[in-house]
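Just so it is clear, the model here is predicted, and its values are computed rather than measured. Along the sequence shown, residues are numbered consecutively beginning with 1. Counting starts at 1 for both ligands and their atoms, in listed order.
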Amino acid sequence: MDTMRAYRMIEWGRAPEFQEVPVPTPGPGQVVVKMAGAGLCGSDLHVMHAPPGFWPQDPPFTLGHENAGTVSAVGSGVLDLSEGDGVLVSGVGFCGSCDRCVAGLQNECRHLVMAGYGIGRDGGLAEYILVDAHHAVPIGDLDPRLAAPLADAGATSYHAVREQLPRLRPGSTAAVIGVGGLGAYAVQYLEKLTAARVVALDTVDHRLADARRLGAEETVLSGADAAEQVRDVMGGPVDVVFDFVGATPTLRTAIDIIGVGGRVVVAGIGGGEVPMGWEKLPMNGHFINSTGFTPAEYREIAAMAAAGDLELRSTEFAFDDVEKGFAALREGTVEGRALVVF
Ligand SMILES: [Zn+2]
Ligand SMILES: [Zn+2]
């Protein structure tokens with residue numbers, strides 16, 4: 001049996017390690033994807049340190065939930081994919097057949113597995129990954145190595161923004177808190193798809209400079225007076241806040257800068273907590289947990305990237321150096337997305 005290297009969680013609370021495992025073969029309705037790029041994500045760090053029971057499926061499993069590559073083997077009954085197709089692999093484990101899935105709301109699947117590949121099922125930090133065909137979304141001519149960050153960072157931020165497009169009319173305002181791996185994409189989507197005036201918040205100066213280059217009209221260096229500064233530069237409260245950090249101070253800032261009918265969209269798993277209740281939000285305020293994305297959204301962002309409308313910035317690491325990649329992620333020294341290339 002052919003084997004391959006895989007970077008795996010062996011048990012909860014124990015550092016992951018390289019193991020030699022069998023190369024997968026596709027069953028009916030499945031494909032095998034030869035990995036081209038795997039993004040490293042803050043949630044991987046969460047998985048590495050998670051207590052037993054936090055995530056639904058126990059180790060062992062291969063890490064890596066931001067995956068793209070080329071179809072290398074096709075199982076029986078797969079109609080829409082052929083060997084050689086470039087694909088993004090869904091980081092959301094939807095069933096594909098429940099009422100929500102058939103309505104195109106795969107991120108709200110009745111049987112949603114958070115997340116699936118790389119968190120429960122074997123992920124993409126390996127030479128090959130076995131996936132259900134409905135989780136492999138074709139990306140046309142887009143280079144799968146460059147496209148990998150779209151599978152999670154680019155798609156999570158796209159879903160968050162796309163859901164709010166009806167609110168982001170000309171004359172509206174938006175704030176993006178945390179303009180690193182996810183937020184830098186959100187700024188681009190807001191720039192390309194809306195007429196909203198955008199303020200970016202971060203604790204790192206050079207990320208704010210990037211956000212400005214990518215389309216943010218205003219920037220605020222996050223600190224104790226962030227909310228006041230945002231209200232100053234925006235001339236009042238903002239209509240929609242996207243929090244890609246999700247820590248207690250950023251959640252607090254987010255709530256503090258919306259006005260009547262404002263929306264706080266949280267897509268960062270920062271473990272923060274804020275008191276919640278009717279009187280804690282402005283009238284008609286919304287507090288939204290934004291999780292996941294859909295295959296249709298994968299196709300839309302792949303099309304944007306193929307047209308040259310998205311900057312796909314990453315810091316590349318060889319597969320052997322995956323631990324260096326995670327270290328850089330922990331230290332915050334990564335430019336764009338930390339990306340393992342094969
Ligand atoms: Zn992730
Ligand atoms: Zn479903």
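- Inclusion of His111 in the first shell of the Zn ion (ligand 2) is not supported: no N, O or S atom falls under 2.8 Å.
- Salt-bridge check for Arg110 with Asp99: passed, with a basic side-chain N closer than 4.0 Å to an acidic carboxylate O.
- Within 6.0 Å of atom CD in Glu335, more than 12 heavy atoms from other residues, nucleotides or ligands are found, so the atom counts as buried in its surroundings.
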Q: Could you please spell out the steps behind the side chain to side chain contact (heavy atoms under 4.5 Å, CB included) verdict for Ser172 and Arg167?
A: CA-CA 8 Å; Ser172 64; Arg167 308 287 295 188; over 6 Å; no
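- Neither side chain, His49 nor Trp12, offers a donor N or O lying under 3.5 Å from an acceptor on the other.
- An angle of 110° is found at the Zn ion (ligand 1) between His65 atom NE2 and Cys41 atom SG, rounded to 10°.
- Atom OD2 is the N, O or S atom of Asp152 at the shortest distance from the Zn ion (ligand 1).
- For the pair SG of Cys98 and SG of Cys95, the angle at the Zn ion (ligand 2) is about 110°; rounding is to 10 degrees.
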